[in-house]
Structure formats: structure tokens, C-alpha cells
Student: 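The structure is given below, and queries will be raised subsequently.
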Amino acid sequence: MPREATTRVTYSSDLEPELRAFDQDTNILKVVPELIIDYLDDDHLAADLWMIAATAFAVDRNLRRPALNSWHRGQEWHRTISTTIPVQNPAWWSRRAADVEAPLNWLTADTWRIEFTQGGPVPNQPSLFSNAELQLEGATALFSGGLDSVCGIIADLNESGDPIHAVSVSTNNRMENQQKGVYDTLRSADTRLRSWSPFRLQVRLGNRESTARSRGFVFLTAGVLSAIARGTNSLRLYENGPGALNLALSRGQVGAQAAKAVHPKTLRYMEHLARAVTGDSGFRIENRTFERTKAEMVRRVPTYYDGALAASVSCDTGFSHHEGGNAPAHCGRCSSCVLRRQALAAAERNIPTPVRGGPQRKDDHPRLMAWQVARLRHVLRDGFDWARMVREFPDIVCDPGSFLPERREVLLRVFTEYADEWNLPAVIEEFAEG
């Protein structure tokens, strides 16, 4: 006899073992654009995947990690999370729970134990028109509104000639308005940027945990849904190679303490999940700028797009700060801000980054990034030696392709270029000013 549908999510962790619950409909705002939801698969597996991602994000935000002053070893970052998630196809997802848990384990450095129960349907109305009739054919690309995504989508439009549909996820009005503003600027310059699909996700709970490493799972899921809706089997994104790998800034930073949202291993996990949902073994998620530094991405963009670059936001707290509506988006001190400043200076683009100041915990990021660059130079001093690189940055072997000689050549070139950029006079001048 079929189980009665529910929207009740239960969750707990080894650190907070008391079972708690929330309602998917009441406590999570999870908006999927109509042009996406109306074109998903008849089995509703893609809609289930979005529900899983949104719910996992809510759980992640509401189970505390150990206190900051107790992080003496990497294991102390870890939680064992148990949750029950309602979906439309619980039997199907129960057989593939490990495929969902694997990317979450990797992204959050936790152990997830997920059970699925019978959920209700996601409202949708099958469209009477085809993608071609609505001019929705073309490539699907993630668009965060950050510097990398803006530069990447401009270069892709110019070099591939493909029509592109941008996909974003926002968690508040400030983020959505910024993304829309940059998209409108790009669209007015190139109509091959065909559409913008803004997903919206807000968790209406206490949100006591700020790390939210499951955010990458949400963004990639939105991209996968958009690709499925448009009848394609690929998703594009744009992140510079050093940023995608996000090697530890110091030996005290372990695992997911360095975010892995678009790390090659993350993309591999999400490809596997997308292939299961679609039944298409050829589904691909491609970082089209992995072989470039951030500065190289900026150099590829014509200067008449400088307004769009200036409007991009690359800050860890750009949309979560409480400094008031007129405060600049950038703190200027977090690793994302530092890399943005470095890239614009190295590319010799006179695009200022107004700053508001940031949380005290970010004050050591510029110094840690300089230390990371010094370590890279040490590794590369006599040419690229893989064993020396692994000893200095052990997490580089998490790149699934790192065992291939051709991949190591790519890593050699991009990290050599990145380290050399920090010696450029414009970059030295940028950081001499504090």
C-alpha cells in the first residue's frame, strides 16, 4: 500500500543527536523558473534532485560544526548527519542514496546518511511549445554574477558562437538583483545570450551554521535541471584553474575547509548523478576555463565590457554582510577579494574594487595567499616536480585527472603562470597599498 505523502524532513547529527524536523513547503523557499520546471522529465527525477539539494542545504545550515577554537585536527570539522528527505520517487532514490551522499560527503567533509520517504508532487504544467519554438535551444551555463562567470560567458559567446542560456541561484534579493543587472548588461551587448533562469532558495530556519559547503551541490543541481529542461546533455561553467582546485592556503586547512564547489572531483560526482537521473551516459559538466588563471580570463574580455566586470561580485560575504544597502559588496580581504584584485591588476585593467572592510576572521587571508604563492614558487623553482608538488599540496591528488601526464602539464602551466603573475609590478603595487 503506498505511503501517505509528507513534506516533513527529520535531521540530526552526532554533535546534536536530538531529532529535529522542519517542513519542506513552509521552511524552504525553492523556486524553479517556469521555463525549467515545465520541461523536466515525466518521472520527476530531476525535480526530486532539486528537492534533495534544497533540503540538504537546509539541513547543512542548521547543524552546527564544532566550535572554531576546537579545530585542532581536520577531523574535528566533521559531522555525521542523518536525515530523511521526502521525494516523489523514494524507491528509486533509495537505491541510489550512495550517489547523493558521495558528493555531499566530499563537499562538506561530513558523513551523510540519507533516507527517502514519499513526498508530494512539484506543481508544473507541461508546455505546449517546444524548446525550438521558444528559442530555448543552445548551451546551458552556470552564471553566478562573479568575475569568473562574467568573463567566461563573454569569452564563450565570442569564441564558440553558441547561443547560451544562463542559470543562476540566489539566496536573497541582493544577490538576485546583482545577477540580473549583470545579465541585462551582457544581454544588451550580445543577443546570443538568449535567456536567464533564476532559481531561488531561501531557508526559513535559524541557519545557525555559516559554512554551508553544500551550496555547490545546489548550484550544480540547478544547472543540471536547466540542461535537462532544454534537452541537452551538457552543462558549462567558468572557474579559473587555481580557484577550482582551491588548494589549501596553509597546512592547517584540511579537506573541505577549503571550498570545493566546482572542483574537478565535484564535477565528476555530479556528472555521475546527472547520468543516473537522465539515463544518458554522455552527460557532461565542463569547466571551460580550468586551464586559465583568473587574470588570463580577464585579458580575454574586450575593454568595452569593463562595466560588467566592475559590477561582478567576488566576495565570500558579498551578499551576506549587514553593512547596509549602500555599502560596497567587496570586503577586500577575503581570499575571493584578494584573487579578484590580483587578477584585475595582473590583467592591467583599471577597474577599481571599492571595499567596505570585512570580518576579522578574514584579515589573515592576504598573508596566507602570499604564503601559498611562496610555497608554489618553491615547488616550481627547478621546474615542475610532481612528487614535490604533492608533498607541498597533498590535496592536488584529489583532481581525478591528476595521474595523467597531460593533466600534469596543464597544472604546471597554470600554476607557473599564477605564481609569476604575483611578481608583476601592477600586482605588487596593488597590495603595497594594503
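Since the model is a prediction, treat every value here as computed from it, not as a measurement.
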Student: Would you compute the distance between atom NE2 of His330 and atom OG of Ser336 and round it to the nearest 0.5 angstrom?
Tutor: 8.5 Å
Student: Does a side chain donor of either Arg230 or Ser197 reach within less than 3.5 Å of an acceptor in the other side chain?
Tutor: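 Checked: Arg230/Ser197 side chains pair up, N/O donor to acceptor below 3.5 Å.
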Student: Regarding Glu430 and Arg341, does a basic nitrogen lie under 4.0 Å from an acidic carboxylate oxygen?
Tutor: yes
Student: Does a side-chain N-to-carboxylate-O contact under 4.0 Å join Asp162 and Arg192?
Tutor: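 No.
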Student: Can Lys294 and Asp148 be counted as an ion pair, charged N to O under 4.0 angstrom?
Tutor: yes
Student: Could you give the distance from CD1 (Ile52) to CZ (Phe116), rounded to the nearest 0.5 Å?
Tutor: 4.0 Å
Student: Given side chains that start at C-beta, do those of Thr140 and Ser226 come closer than 4.5 Å, heavy atoms only?
Tutor: yes
Student: How long is the span from the SG atom in Cys337 to the NE2 atom in His365, to the nearest 0.5 Å?
Tutor: 10.5 Å
Student: Please walk me through it: do Thr10 and Arg20 pass side-chain hydrogen bond (donor to acceptor under 3.5 Å, both in side chains)?
Tutor: CA-CA 6 Å; Thr10 61; Arg20 287 181 281 167; over 6 Å; no
Student: Aromatic contact between Phe199 and Trp50, with the criterion being ring centroids under 6.0 Å apart: yes or no?
Tutor: yes
Student: Taking atom types as modelled, is there a side-chain donor on Ser195 or His165 under 3.5 Å from an acceptor on the other?
Tutor: yes
Student: Could you tell me if Asn173 and Arg200 have a donor-acceptor pair between their side chains, going purely by distance under 3.5 Å?
Tutor: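 There is such a pair between these side chains.
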Student: Under 6.0 Å from the CZ atom of Arg95, do we count more than 12 heavy atoms belonging to anything else shown?
Tutor: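 Correct, the count exceeds 12.
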Student: Salt bridge check, Arg300 against Asp156: does any charged N sit closer than 4.0 Å to a carboxylate O?
Tutor: no
Student: Check whether the side chains of Glu286 and Ser234 place a donor and an acceptor atom closer than 3.5 Å, and report yes or no.
Tutor: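 The criterion, which ignores hydrogens and geometry beyond distance, is not satisfied for Ser234 and Glu286.
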Student: Could you tell me whether the side chain of Glu101 and the main chain of Ile114 form a donor-acceptor pair under 3.5 Å?
Tutor: yes
Student: Walk me through whether Phe22 and Thr55 qualify under side-chain contact (heavy atoms from CB on, under 4.5 Å).
Tutor: CA-CA 10 Å; Phe22 64 82; Thr55 305; 4.0 Å; yes
Student: If we ignore hydrogens and angles and just use 3.5 Å, is the side chain of Gln178 paired with the main-chain N or O of Ala311 as donor and acceptor?
Tutor: yes
Student: For Glu271, is there any backbone N or O sitting under 3.5 Å from a side-chain donor or acceptor partner on Arg284?
Tutor: no
Student: Would you call the rings of His263 and Trp106 parallel, tilted or perpendicular, taking 30° and 60° as the class edges?
Tutor: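 Perpendicular: the ring planes of His263 and Trp106 meet at over 60°.
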Student: Name the one of Arg407, Lys265, Arg268 that satisfies salt bridge (Lys or Arg N to Asp or Glu O under 4.0 Å) with Asp399?
Tutor: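 Output: one option passes, namely Arg407.
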Student: Can Arg204 and Asp23 be counted as an ion pair, charged N to O under 4.0 angstrom?
Tutor: no
Student: Apply side-chain contact (heavy atoms from CB on, under 4.5 Å) to Asp110 and Arg65, showing your working.
Tutor: CA-CA 10 Å; Asp110 298 312; Arg65 294 188 184 275; 3.1 Å; yes
Student: Could you please spell out the steps behind the side-chain contact (heavy atoms from CB on, under 4.5 Å) verdict for Leu45 and Asn89?
Tutor: CA-CA 7 Å; Leu45 294 176; Asn89 298 275; 3.8 Å; yes
Student: Does a donor on one side chain sit under 3.5 Å from an acceptor on the other, for Ser210 and Arg64?
Tutor: no
Student: Kindly indicate, with the supporting measurements, whether the criterion side-chain contact (heavy atoms from CB on, under 4.5 Å) is fulfilled by Tyr418 and Val373.
Tutor: CA-CA 8 Å; Tyr418 174 66; Val373 171; 4.1 Å; yes
Student: Report yes or no: do Asn240 and Thr289 form a side-chain donor-acceptor pair below 3.5 Å?
Tutor: no
Student: Could you point out which residue of Leu267, Leu235, Thr266 forms a side chain to side chain contact (heavy atoms under 4.5 Å, CB included) with Asn287?
Tutor: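 Answer after filtering Leu267, Leu235, Thr266: Leu267.
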Student: Looking at Glu239 and Arg288, is there a salt bridge between them, counting it only when a charged N and a carboxylate O are closer than 4.0 Å?
Tutor: no
Student: Look at the side chain of Asp395 and the backbone N and O of Leu247, then say whether any donor-acceptor pair between them is shorter than 3.5 Å.
Tutor: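 No, the answer is negative, given that no donor and acceptor are paired below the 3.5 Å cut-off.
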Student: Is the Lys NZ or Arg CZ of Arg367 less than 6.0 Å from the centre of Trp371's six-membered ring, within 45° of the axis?
Tutor: no
Student: Take Arg356 and Thr317, measure what side-chain hydrogen bond (donor to acceptor under 3.5 Å, both in side chains) needs, and give me the verdict at the end.
Tutor: CA-CA 11 Å; Arg356 56 180 155 77; Thr317 57; 3.0 Å; yes
Student: State whether Lys180 and Glu176 are salt-bridged, where the test is any N-O pair (Lys NZ or Arg NE/NH1/NH2 against Asp/Glu carboxylate O) under 4.0 Å.
Tutor: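 Salt bridge flag = no for Glu176 with Lys180.
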Student: How long is the straight-line distance from CG of Asp43 back to CD of Gln88, given to the nearest 0.5 Å?
Tutor: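 One finds 10.0 Å between CD of Gln88 and CG of Asp43.
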Student: Has the side chain of Asp14 got a donor or acceptor atom that lies under 3.5 Å from a matching backbone atom of Arg79?
Tutor: no
Student: Could you tell me the separation between the CZ atom of Arg349 and the CG atom of Leu344, rounded to the nearest 0.5 Å?
Tutor: 8.5 Å
Student: Can you tell me how far apart CG (Leu245) and CD1 (Ile396) are? Round to the nearest 0.5 Å.
Tutor: 6.0 Å
Student: Are Glu209 and Arg61 close enough, and set up right, to give a salt bridge (Lys or Arg N to Asp or Glu O under 4.0 Å), and what steps lead you there?
Tutor: CA-CA 5 Å; Glu209 175 54 51; Arg61 290 297 314 274; over 6 Å; no
Student: When you look at CD of Glu417, are more than 12 heavy atoms from neighbouring residues, nucleotides or ligands closer to it than 6.0 Å?
Tutor: yes
Student: Any chance the side chains of Thr111 and His78 put a donor and an acceptor closer than 3.5 Å?
Tutor: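 Note: Thr111 and His78 side chains meet the donor-acceptor criterion.
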